[in-house]
Engineer: 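Submitted below is the structure of interest, expressed as structure tokens.
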Amino acid sequence: MNLPKLAIAALGGTVSMQARHAGEGVIPTVNGETLLASVPELKELARVTVETLGLFPSASLDFELLLSVLSWARYQVEQGAIGVVITQGTDTLEETATFFDYLWDHDEPLVLTGAMRSAAQAGADGPANLLDACRVALAENSRQRGVLVVMNGQIHQASVVRKTDSLALQAFSSPVAGPTGMLLEGTVRYLRQSSHRKLLPLPQQTTQTIAMLEASLSADTLMLENILELGYDGLVIAGFGAGHVSERWADAVEAIAKEIPVIIATRTGSGPTAQSSYGFIGSEMDLIRKGAAMAGFLCPRKARILLWLLVGCQRLDELTRYLNDDIRFQN
Ligand code: ASP
């Protein structure tokens, strides 16, 4: 039988974790081959190539490594893979998915998955998630949807998905948008048409640094006041509510925004920043006047990825266009 080609890469995370000795904490040790062996059904669906590109807790992944994973994934597609699956830790999955989504210029799906329960734990979800991710990567209706995250039977779009629970099996959600699809009795079903994505070229520069700070009640301005001196190339603030900061922070933002790009997102976890509702000092209208850009629906972490990429490919002049064009709205 002429089965389609599928490429899988393992990067580590809980899906690859087990304890070396009883009573010790789990660490990433399970390689791609062993993960593949946990889903024997896959043999009937595809000719699979699997590689272990790393065994990291996902907190220790970095942009440079992601760029090399991306070039591996592109190569797999050029070699005939009709889809690519990457397994990794769930802690930073929403960020890696966003990173890849801005850069993935193939019609073939790039699907990320992981697990909330480690490999040897009772009821481990890794094998089911991996099998689901492979089904999504192989499905014809997944084409031209960019990067997808498959967890717990749901399919999420990279641009909106977030880890919203620290330990629960149902750890991922897409606030406001909802999942874009699901797996039903082994079939891949989408709830919406694929939406248009805004791609970026590969960054020519990778040394840029983007700071991220969260606004909090009665916060001092020490770190803010040192952002420029520390040499950051951009700043993202997880602001209060609809994208607000205190008066003291607003003053600091004004000075910083004269030198480097500043994006104000919301720390709430759901919903967009405002544009034209509030006028007090530190409000969105005030911060826009002071030179900051509002993140819209992009959460602080995704806004930071966008800013890092825009600086890296020298497209900062398009920042507001990228922030305002949100996939949640089709027109
Ligand atoms: N708890 C994490 C996970 O789900 C650990 C990590 O992100 O590597 O994989």
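Read the numbers this way: they start at 1 and go in the same order the structure lists the ligands and their atoms.
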Engineer: Which bit of Pro28 is near ligand 1, meaning a heavy atom under 4.0 Å away: side chain, backbone, both or neither?
Structural biologist: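 The answer is neither; Pro28 stays 4.0 Å or more away.
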Engineer: Roughly how far, to the nearest 0.5 Å, is the CD atom of Glu284 from the NE2 atom of His244?
Structural biologist: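 It comes to 4.0 Å.
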Engineer: Checking side-chain contact (heavy atoms from CB on, under 4.5 Å) against Arg304, which of Val236, Leu309, Leu235 comes through?
Structural biologist: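 One option only clears the test, and that one is Val236.
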Engineer: Judging by distance only, is a nitrogen or oxygen of Lys163 under 3.5 angstrom from one on ligand 1?
Structural biologist: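 Such a contact does not occur with ligand 1.
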Engineer: Which residue in the set His156, Gln154, Gln193, Arg145 passes side-chain contact (heavy atoms from CB on, under 4.5 Å) when paired with Thr180?
Structural biologist: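 Only one of His156, Gln154, Gln193, Arg145 forms a side-chain contact (heavy atoms from CB on, under 4.5 Å) with Thr180, namely Arg145.
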Engineer: Within a distance under 4.0 Å of any heavy atom of Gly13, pick out the atoms of ligand 1 and give their elements.
Structural biologist: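 Checking each atom against Gly13, I get 8 (O), 9 (O).
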Engineer: Under 4.0 Å from a heavy atom of Thr14: give me the atoms of ligand 1 that qualify, with their elements.
Structural biologist: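 Those qualifying, in numeric order: 1 (N), 2 (C), 3 (C), 4 (O), 5 (C), 9 (O).
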Engineer: List the atom of Asn2, the atom of Arg47, and the distance in Å for their closest heavy-atom pair.
Structural biologist: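 The answer is OD1-NH2, 4.1 Å.
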Engineer: With only distance considered, is Pro57 within less than 3.5 Å of ligand 1 through an N or O on each side?
Structural biologist: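 No; every N/O pair is 3.5 Å or more apart.
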Engineer: For atom 7 (O) of ligand 1, what's the nearest protein heavy atom and its distance?
Structural biologist: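 Heavy-atom neighbour on the protein nearest atom 7 (O) of ligand 1: Ser58 OG, 2.5 Å.
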Engineer: Show me which atoms of ligand 1 lie under 4.0 Å from any heavy atom of Asp91.
Structural biologist: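 Counting atoms of ligand 1 from 1, those under 4.0 Å from Asp91 are 1 (N), 2 (C), 5 (C), 6 (C), 7 (O).
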Engineer: Before accepting this row, confirm whether a basic side-chain N of the pair Glu95/Lys302 lies closer than 4.0 Å to the acidic partner's carboxylate O.
Structural biologist: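 Looking at Lys302 together with Glu95, the answer is no, because their closest N to O distance does not fall below 4.0 Å.
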Engineer: May I ask whether Leu148 and Val161 are part of the same hydrophobic cluster, defined by side-chain heavy atoms of I, L, V, M, F, W, Y residues being less than 4.5 angstrom apart, directly or through others?
Structural biologist: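 Not linked; separate clusters.
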Engineer: Are Val262 and Leu323 co-members of a hydrophobic cluster defined by side-chain heavy atoms under 4.5 Å apart?
Structural biologist: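 No: no chain of side-chain contacts under 4.5 Å links Leu323 to Val262.
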Engineer: For Gln88 and ligand 1, does the shortest N/O to N/O distance drop below 3.5 Å?
Structural biologist: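 Between Gln88 and ligand 1 (N or O atoms, distance only) the closest approach is not under 3.5 Å.
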Engineer: Check whether any N or O atom of Thr90, backbone or side chain, sits under 3.5 Å from an N or O atom of ligand 1, and answer yes or no.
Structural biologist: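 Checking ligand 1 against Thr90, an N or O pair does fall under 3.5 Å apart.
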